[in-house]
Trainee: 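Supplied in structure tokens, the structure appears directly below.
Everything quoted here is computed from the prediction, not taken from an experiment. Per chain, numbering begins at 1; letters A, B, ... match sequence-line order.
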There are 2 protein chains.
Amino acid sequence: MRKRTIEDYVELVYDLQKGKKRVHTNDIASSLSINPASVTEIFQKLNAEGYVSYKKYSGIKLTDKGKNIALRIKKKHNTLKEFLILLGIDSKIAENDACEMEHILHPSTMDTIIKFVEVIKKCEVTPFWLERLKGYVRSGKLSKCPPEIYELCQNFQKIKD
Amino acid sequence: MRKRTIEDYVELVYDLQKGKKRVHTNDIASSLSINPASVTEIFQKLNAEGYVSYKKYSGIKLTDKGKNIALRIKKKHNTLKEFLILLGIDSKIAENDACEMEHILHPSTMDTIIKFVEVIKKCEVTPFWLERLKGYVRSGKLSKCPPEIYELCQNFQKIKD
DNA sequence: TATATAATTTAGGCATACCTAAAAATTAAT
DNA sequence: ATTAATTTTTAGGTATGCCTAAATTATATA
């Protein structure tokens, strides 16, 4: 696996913190299958950089700074997952890929994807191209674009030019 | 930057190899702004794992295994870049994000994206939703879906049910 | 061909993200 | 309230991907 970033930990702490006051070394350790001793080091680092407040032997708690970052990333994560699921990708895989993508995409790419999801979600009917895509992924066969659709697009294009 | 993988190097070697017999430490070193001494180590590793053949002081050359991997990744890369550009993302940014995504996406996600690009490219006219998305990204304003389109999609959906 | 210059490799170092083992603190059970 | 069990921390270790400096090999020039 790639090296885990501060963002990864902050996000995880946020999730584990739900319904408890503080997050303890063992919570993270068992959740990531790493050694509690390693988690102590991570806590110290997160604390030093102001993402959490840490008291020896009593776990950590996200600071406002940490919470903001967590929320920012989780928003990205959810949008990306939604995006992938929209395209027909299995939700477990979407979850995973979103997890990777959330750290690497350029803000403007993120912005486009956010708007993409928004546009598709605003449609009351499943867009036609999406039906075609899903069918193609499922069967390996790409159905023909119905001439009505084609004509419409063509007309709209003419209007623009 | 994230830790560079074997894949990164193999891909780079492939590109640098164009028009020359062998790739030398300095080619990689200057291309990545890392120390030639580090590149020697990388060469030894690539050689040990069979991706290149390496002769001390005379650079490396991709093996068939290495070449296959390079081609596989470059194909992913190109598709991802194309995909992002289709969505209206600036080509320099698309290049960069593709570079990151190519290593992380699940094969089935990759497959869907490949087919997505294929479907859109097969259209002789720019699909309508894509026009709307681009307009939205550009202006922040989302145009209404024309009723003709809406009706068509609705009809097709009825046929399916 | 001898020598200067450039490219490459070796040897050893540093940072980091993890590890294990053992010490210290906390919590639970009698 | 002791003592036992659990959790957490400390101390020290490993692997890796980079580094610098110095040694070695290759190449270019006189």
Trainee: Rounding to a whole Å, what distance do you find between A:Met1:CE and D:dT16:C1'?
Mentor: 18 Å

Trainee: Kindly assign one of parallel, tilted or perpendicular to the pair B:Phe116 and A:Phe116, based on the angle between their ring planes and the thresholds 30° and 60°.
Mentor: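 B:Phe116 vs A:Phe116 ring planes: tilted.
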
Trainee: What is the distance, to the nearest angstrom, from the NZ atom on A:Lys55 to the C1' atom on C:dA25?
Mentor: 15 Å

Trainee: For A:Asp8 and C:dC18, give me the distance from atom CG to atom C1', rounded to whole Å.
Mentor: 15 Å

Trainee: Which residue in the set B:Leu32, B:Asn26, B:Thr25 passes side chain to side chain contact (heavy atoms under 4.5 Å, CB included) when paired with B:Val39?
Mentor: B:Thr25

Trainee: Distance check needed: C:dA7 C1' versus B:Lys20 NZ, whole Å only.
Mentor: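 Whole-Å distance recorded here is 12 Å.
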
Trainee: Expected output is a numbered-order residue list: members of residues 33-49 of chain A with a heavy atom under 4.0 Å from any atom of DNA chain D. What is it?
Mentor: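 Per residue number, the list reads A:Pro36, A:Ala37, A:Thr40, A:Glu41, A:Gln44.
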
Trainee: Is it the case that A:Lys65 places NZ or CZ above or below the six-membered ring of A:Tyr51, under 6.0 angstrom from the centre and within 45 degrees of the axis?
Mentor: yes

Trainee: Examine C:dA7: is either OP1 or OP2 under 4.0 Å from a nitrogen or oxygen in the side chain of B:His24? Give yes or no.
Mentor: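 No, no such contact exists.
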
Trainee: Would you please confirm or rule out a distance under 4.0 Å between OP1 or OP2 of D:dT7 and any side-chain N or O of A:Thr25?
Mentor: no

Trainee: Please report the distance, rounded to the nearest Å, between NZ in A:Lys3 and P in D:dC18.
Mentor: 11 Å

Trainee: Please state whether the phosphate of D:dT10, meaning OP1 or OP2, lies under 4.0 angstrom from any side-chain nitrogen or oxygen of A:Lys56.
Mentor: yes

Trainee: Taking salt bridge (Lys or Arg N to Asp or Glu O under 4.0 Å) as the test, write out the residues that go with B:Glu118, two or more places apart.
Mentor: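 So B:Glu118 forms a salt bridge (Lys or Arg N to Asp or Glu O under 4.0 Å) with B:Lys122.
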
Trainee: Does B:Asn26 place a side-chain N or O at less than 4.0 Å from the phosphate oxygens OP1/OP2 of C:dT8?
Mentor: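 The answer is yes; a side-chain N or O of B:Asn26 sits under 4.0 Å from OP1 or OP2.
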
Trainee: With sequence neighbours excluded, tell me which residues meet salt bridge (Lys or Arg N to Asp or Glu O under 4.0 Å) with B:Arg72.
Mentor: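 Per chain and number, B:Arg72 pairs via salt bridge (Lys or Arg N to Asp or Glu O under 4.0 Å) with no residue.
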
Trainee: Is it the case that more than 12 heavy atoms not belonging to A:Lys20 sit under 6.0 Å from its NZ atom?
Mentor: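 Yes, enclosed.
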
Trainee: Tell me whether the side-chain N/O atoms of A:Tyr57 come closer than 4.0 Å to OP1 or OP2 in D:dT10.
Mentor: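 Indeed not, no polar side-chain atom of A:Tyr57 lies that close.
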
Trainee: A:Arg4 has a side chain; which of D:dC18, C:dC18, C:dA7 sits nearest to it?
Mentor: C:dC18

